Amino acid sequence: MRGSVYTFKIPQVEGGATVSIKVIWSQKLLYHEGQFSLNVPFSFPAFVNPVGKKISKREKILLNVSSGVGKEILCKSTSHALKELRREVGKMGFLYDAEVLTWSSADFSFSYNVYSKDLFGGVLLQSPLLRDIDDRQMFCFYLFPGNNQSMKAFRKEVIFIIDISGSMKGGPFESAKNGLLSSLQKLNPEDSFNIIAFKMDTYLFSSVMEQATEEAIIEATRWLNDKLTADGGTNILGPLKQAIKLLAETTNSIPVIFLITDGAVEDERDICNFVKGYLPSGGSISLRISTFGIGTYCNHHFLRMLAQIGRGHFDTAYDADSVDFRMQKLFTTASSIILADITVDALEHLDSLELLPFCIPDLSRGSPLIVSGRYSGNFPDPVKISGTLADMRKFTIDLKAQKTKDLPFDRVVGRRQIDLLTANAWLSGSKELEQKVAKMSIQTGFPSEYTLMVLHQTLQDEKAPETILIQDVFNKINPLKKMDLQKTIMLGNLCVGFGNLTATAENIPPGTEETKSSEATEMLFKAASNCCGRVVDRCCCMCFIQTCSYMNNQCAIVLSQICAALACVECINCCIELCECG
């Protein structure tokens, strides 16, 4: 519904029936000053409690913590009364089991610390999964900033590039402006800043970089409030070139560009190639670019790729309410760099190597650094990591490599790798990369731009269908002849796409689009509602199929035909397995 709210309607549930729902999803842990936090929705509205007689209910939460680090972890806080089941280095197990009269009214939250005064890290190695699409070994190395306050952050020169096109008018611009002003307050007096607002033309706050004094920030606030109005089109390359020119003479600090937009433009590949050509391949500290997208009309994959090229960070907000918070969080991560120009020695001696992201980002005080990939050959042990500190001294650390079996690599890094490879495929136009992303999506269960979600109805004792490669199905035949229409519903693509040039040109505000997940829900509900009244034991499972190169949004025609065919299905009284990634 809004990118974080999902609905699924189960029709014709009789009184006294038991509805079993299994939901599988992945989410990032929040990290702040050495503390990891997990928050899981676990609050139920009052109307789900039966009226009248108080009926005892059972709530149960089993929590397993596997930190992946060889250090002691310490539980800091929890919302529910957890009983500790086991504890070992880097791992903990807890159980909450209670009889209640009303369902929980509080979300489940849990936080823990991996304490270390100094910067630390490690390397995890794992063999490929059974039937893995890639037979190379998997690796993941991580760095944690630690709690050493003497490790200073780099001085920075920041330019905010903010979209003020017509689609930003009202809530989006006000939220982005508030996030920008809040970020200005986080600057230190020795930092400097500037602001470039853009539509088709550009508007510069100052012709030179300004010291982040209280007076300059007040003047910038006045300029944003009084001098700018959101209207007109979108031109990103012009202000980006202007910002690069302003930061060209930066010394003894990190130049940072922070791009904020809600729109897509036609020359996005040209922008990436321009920035790639401008930035040096190594050596001295160069420009960093972080990007922030608002809504679904901007091309998230372009913004992610631009940030990847610029060794920066990317984030997005799907609704105006979350813009301010997410912008501040992204800016904190992007601007609190304590170790820059990080390199990994000895990897060039491997037989083959895939590194994601391909440009290793900096280590920030507000976030751990995680880099993963595939390799073949003998992995070095220890692994030497080098970088540059804020005082321009060189820093090195040896990370011990350890093999692990019980850490679900595909769940930990799968979503991240799919996003990075999709951005690479978008920029390069590589069909081979598209195929790889599609296969990874099918293997891991994470949605991708090159796969579609399918709901397949099976009998209770029937085995779930094998993976459907839609490329084979669409090769020379009509897909409707190949699929059993009484058992399969194609729910469509669940990702954001590659931007919407038409919506950007027409200045349609973010948040006004119809949501794909809602359409899929309504389609499924209508199909199931046409079932006959007799209840039979059936099960529905979610799976992914790979899209072919010529399959597009015309699928609506196919979907309507599938819905019509489902009208004669006897009933769907089902268990649902959903994969959601965020």
Side-chain angles (χ1 to χ4, degrees), residues 30-34 119 143-162 176-196 205-206 209-214 216-217 220-221 224 240 243-244 246-247 250-261 275 279 285-293 303-304 306-317 323-342 357 359-369 387-392:
L30 297 178
Y31 179 85
H32 180 65
E33 295 182 351
L119 183 153
L143 284 176
F144 286 80
N147 297 306
N148 190 344
Q149 297 302 314
S150 64
M151 187 169 281
K152 301 297 183 183
F154 277 80
R155 189 173 70 85
K156 49 201 170 288
E157 297 188 28
V158 185
I159 294 182
F160 296 90
I161 303 178
I162 182 171
K177 184 173 64 176
N178 291 337
L180 192 160
L181 293 174
S182 298
S183 299
L184 285 178
Q185 298 294 335
K186 298 178 185 294
L187 294 174
N188 297 316
E190 62 269 21
D191 298 329
S192 59
F193 76 97
N194 210 331
I195 306 170
I196 301 177
F205 166 63
S206 175
M209 299 297 293
E210 298 285 346
Q211 288 298 120
T213 61
E214 185 177 349
I217 292 174
T221 304
L224 282 169
L240 192 58
I244 289 174
L246 278 168
L247 295 171
T250 300
T251 57
N252 296 324
S253 62
I254 288 189
V256 178
I257 290 177
F258 199 83
L259 172 65
I260 307 150
T261 185
V275 173
L279 296 177
I285 295 174
S286 59
L287 175 68
R288 299 312 193 238
I289 300 176
S290 289
T291 57
F292 188 83
L303 296 174
R304 179 177 281 107
L306 188 58
Q308 190 178 175
I309 294 170
R311 290 196 176 193
H313 301 268
F314 161 76
D315 199 5
T316 185
V323 169
D324 189 353
F325 168 76
R326 298 189 75 94
M327 267 186 65
Q328 289 190 58
K329 187 173 182 296
L330 178 64
F331 180 76
T332 299
T333 300
S335 62
S336 58
I337 299 169
I338 59 175
L339 187 66
D341 287 346
I342 297 172
C359 289
I360 300 177
D362 303 316
L363 176 64
S364 299
R365 181 166 286 142
S367 177
L369 171 64
T388 303
L389 297 170
D391 58 7
M392 298 302 165

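Not measured: the values here are computed from a predicted model. Side chains are part of it too, since the values below use all heavy atoms of this structure and drop only hydrogens, waters and symmetry mates.
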Participant: From D324 CG over to L180 CG, what is the distance, rounded to the nearest 0.5 angstrom?
Facilitator: 10.0 Å
Participant: A side-chain contact here means heavy atoms from C-beta on lying under 4.5 Å apart; do L240 and L259 qualify?
Facilitator: no
Participant: Hey, do the aromatic rings of F331 and F292 have their centres closer than 6.0 Å?
Facilitator: no
Participant: Can you tell me how far CG of L247 sits from CD1 of I159, rounded to the nearest 0.5 angstrom?
Facilitator: 3.5 Å
Participant: After noting the C-alpha distance and the side-chain angles of E157 and N194, does the key distance pass the side-chain contact (heavy atoms from CB on, under 4.5 Å) rule?
Facilitator: CA-CA 8 Å; E157 297 188 28; N194 210 331; over 6 Å; no
Participant: Is there side-chain contact between L363 and I342, with heavy atoms separated by less than 4.5 Å?
Facilitator: yes
Participant: Are the side chains of M392 and F154 in touch, meaning some heavy atoms are under 4.5 Å apart?
Facilitator: yes
Participant: How about I217 and E210: do any of their side-chain heavy atoms sit closer than 4.5 Å?
Facilitator: no
Participant: Please report the closest heavy-atom contact between A243 and I257, naming both atoms and the distance.
Facilitator: CB-CD1, 3.7 Å
Participant: Is S335 close to V256 at the side-chain level, that is, under 4.5 Å between some pair of heavy atoms?
Facilitator: no
Participant: If you look at every heavy atom in L184 and A220, which pair is closest and at what distance?
Facilitator: CD1-CB, 4.1 Å
Participant: Working to the nearest 0.5 angstrom, can you tell me the gap between R311 CZ and I254 CD1?
Facilitator: 10.5 Å
Participant: As a quick check of understanding, evaluate side-chain contact (heavy atoms from CB on, under 4.5 Å) for F160 and F205, giving each step before the final call.
Facilitator: CA-CA 10 Å; F160 296 90; F205 166 63; over 6 Å; no
Participant: Are there over 12 heavy-atom neighbours, none belonging to K329, within less than 6.0 Å of that residue's NZ?
Facilitator: no
Participant: Closest heavy-atom contact between P145 and S367?
Facilitator: CD-O, 4.2 Å
Participant: From Q185 CD over to Q328 CD, what is the distance, rounded to the nearest 0.5 angstrom?
Facilitator: 10.0 Å
Participant: If you compare all heavy atoms of L339 against all heavy atoms of L389, which two are closest, and at what distance to 0.1 Å?
Facilitator: CD1-CD2, 3.8 Å
Participant: Is the CD atom of E190 crowded by more than 12 outside heavy atoms at less than 6.0 Å?
Facilitator: yes
Participant: What are the two closest heavy atoms between F193 and Q211, and how far apart are they?
Facilitator: CE2-O, 3.8 Å
Participant: Name the one of T316, I289, T291, D315 that satisfies side chain to side chain contact (heavy atoms under 4.5 Å, CB included) with L303?
Facilitator: T291
Participant: Hey, does T332 have a side-chain heavy atom less than 4.5 Å from the side chain of R365?
Facilitator: no
Participant: Determine, stepwise, if the pair D191 / V158 fulfils side-chain contact (heavy atoms from CB on, under 4.5 Å).
Facilitator: CA-CA 8 Å; D191 298 329; V158 185; 6.0 Å; no
Participant: Minimum heavy-atom separation for S253 and R155, please, with both atom names.
Facilitator: CB-O, 3.1 Å
